[in-house]
Amino acid sequence: MVVSGYFSPLWSGCESQPQFWTKFQVWEWLQQVLDMHQMDTSNFPFQNFNVDGHQLCNLSHQDYVCAAGSVGSILFQRVTELKWGGAFSFELRQKISFTLHTPSHSDTWVHNAQQYKKRYLNSDRGLSQDLVWYSNCCKSKIYDPLNNSPGPSPTSIPSEKSTMQQYRCSYVKKHNQRGTHLWEFIRDILLNPERNPGLIKWEDRTEGVFRFLKSEAVAQLWGKKKNNSSMTYEKLSRAMRYYYKREILERVDGRRLVYKFGRNARGWRESEK
DNA sequence: TATTGATTTCCTGATT
DNA sequence: CAATCAGGAAATCAAT
């Protein structure tokens, strides 16, 4: 990858570009992905991944499956996402940098590019946020780094527009809202007994029936997550009742503070863990 | 900027 | 009586 002259060192974040990882970073990443999927890392064949980032990127899907079984598919998918994301970030950074260092652009242009650069550098929220940010950037119609319009574009940079946009959509959909819904929040409390100081309890584990033990405490916790200090069980329960129609929850009548996961609730069964 | 989905807020009335 | 449950209606908020 060739870095242009006006490409500031500040802009090169290698951590999102697996091509440049060391072996150590590869293992760190493996650990991270396994953790993220709540998989047991003690039996994971790390030795099968005794490669640096460049080699990692050149492995085929088949290689991943041979090295790690079914988990390999996930790893392959992840690294592919990163490769695209890294390329995307690289291109975006380069184009903004180009704008900032080309005197022929109007003040407005330079100002906008500076704002974008500032926001980009201040962002520690990860790739998905970068993509949301990018999306807004394009919508503003002031600067569209992938469309070359109305902004400038170094001709040496290949356009990967369709791939990028496709990627952007799928990535944002899959990763931008994880764990933000109430029912997922409740489920996760249930699934993490070590972090659940008697707040909610399974009544029937296999049927997905559970009961609130400390209703107001759960509401407070939910409020904390949503940055809403005035959350109450009264209001939380209204949201829970809306889940009946969507079949995320099923009615359990006659029993106070008792709910049951419905057919549209995922990830609560023991077999799914 | 408008739309939309997911709550949040409020409320009246019924149950436990 | 206090705490919950049931929903309708409207407001809010964030992602798109």
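Numbered from 1 within each chain, the chains take letters A, B, ... in sequence-line order.
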- Item | Any donor-acceptor N or O pair under 3.5 Å, side chains A/Arg246, A/Tyr242 | no
- Can you measure from NZ (A/Lys260) to CG (A/Asp204) and round to the nearest 0.5 angstrom? 7.5 Å
- Message: With a 3.5 Å cut-off and heavy atoms only, can you find an N or O donor on one side and an acceptor on the other between the side chain of A/Arg238 and the base of C/dA6?
- Response: no
- Item | Ring geometry between A/Phe212 and A/Phe210 (parallel below 30°, tilted from 30 to 60°, perpendicular above 60°) | tilted
- Choosing from C/dA6, C/dT4, B/dT8, which nucleotide comes nearest the side chain of A/Ser215? C/dT4
- Task: May I ask you to say what A/Leu236 touches in the nucleic acid, namely base, sugar-phosphate or nothing, with a heavy-atom cut-off under 4.0 Å?
- Result: nothing
- Can you check whether A/Tyr242 has a side-chain N or O nearer than 4.0 Å to OP1 or OP2 of C/dG8? no
- Query: Does C/dC1 have a Watson-Crick or wobble mate here (both distances under 3.5 Å), and if so which one?
  - Reply: none
- Message: Does A/Phe212 reach a base, just sugar-phosphate, or nothing at all? Heavy atoms under 4.0 Å.
- Response: nothing
- N or O in side chain of A/Ser230 less than 4.0 angstrom from B/dT9 OP1/OP2: yes
- Starting at OH of A/Tyr243 and ending at C1' of B/dT8, how long is that distance when rounded to a whole Å? 12 Å
- Query: Does the gap between the ring centers of A/Tyr243 and A/Tyr259 come in under 6.0 Å?
  - Reply: no
- Ignoring backbone atoms, test whether A/Trp222 places a side-chain nitrogen or oxygen under 4.0 Å from the OP1 or OP2 oxygen of B/dT8. yes
- Item | Rounded interatomic separation in angstrom, taking NZ from A/Lys225 and C1' from B/dT7 | 14 Å
- Message: By nearest heavy atom, map A/Lys245 and A/Ser237 onto DNA chain C; which one lands nearer the 5' end?
- Response: A/Ser237
- Note on the structure: Of B/dA6, B/dT9, C/dA9, the nucleotide closest to the side chain of A/Asn228 is B/dT9
- Expressed in angstrom and rounded to an integer, what is the separation of A/Arg241 atom CZ from B/dG13 atom P? 16 Å
- Message: Suppose we call a contact any N or O donor and acceptor under 3.5 Å apart; does that hold for the side chain of A/Tyr233 and the base of C/dA2?
- Response: no
- Message: What is the separation between atom CE on A/Met240 and atom C1' on C/dT4, rounded to the nearest whole Å?
- Response: 13 Å
- Please report, rounded to the nearest Å, how far the C1' atom of C/dA2 is from the CG atom of A/Leu257. 13 Å
- Message: Could you check whether any side-chain N or O of A/Ser237 sits under 3.5 Å from a backbone N or O of A/Glu234, counting only pairs where one atom can act as donor and the other as acceptor?
- Response: yes
- Message: Just the rounded figure in Å: distance from C1' of B/dC10 to CD of A/Glu234.
- Response: 10 Å
- Task: Please check the phosphate of B/dT7 (OP1 and OP2 only) for any side-chain N or O of A/Lys226 closer than 4.0 Å.
- Result: no
- For A/His181 and B/dA6, what is the distance between atoms NE2 and P respectively, to the nearest whole Å? 6 Å
- Contact nearer the 5' end of DNA chain B, comparing A/Met231 with A/Arg256: A/Met231
- Item | Separation of atom NZ in A/Lys224 from atom P in B/dT7, rounded to whole Å | 20 Å
- Query: So, for A/Trp222 and A/Phe185, is the gap between ring centers shorter than 6.0 Å?
  - Reply: yes
- Message: Between A/Lys235 and B/dT8, is there a contact of a side-chain N or O with OP1 or OP2 at under 4.0 Å?
- Response: no
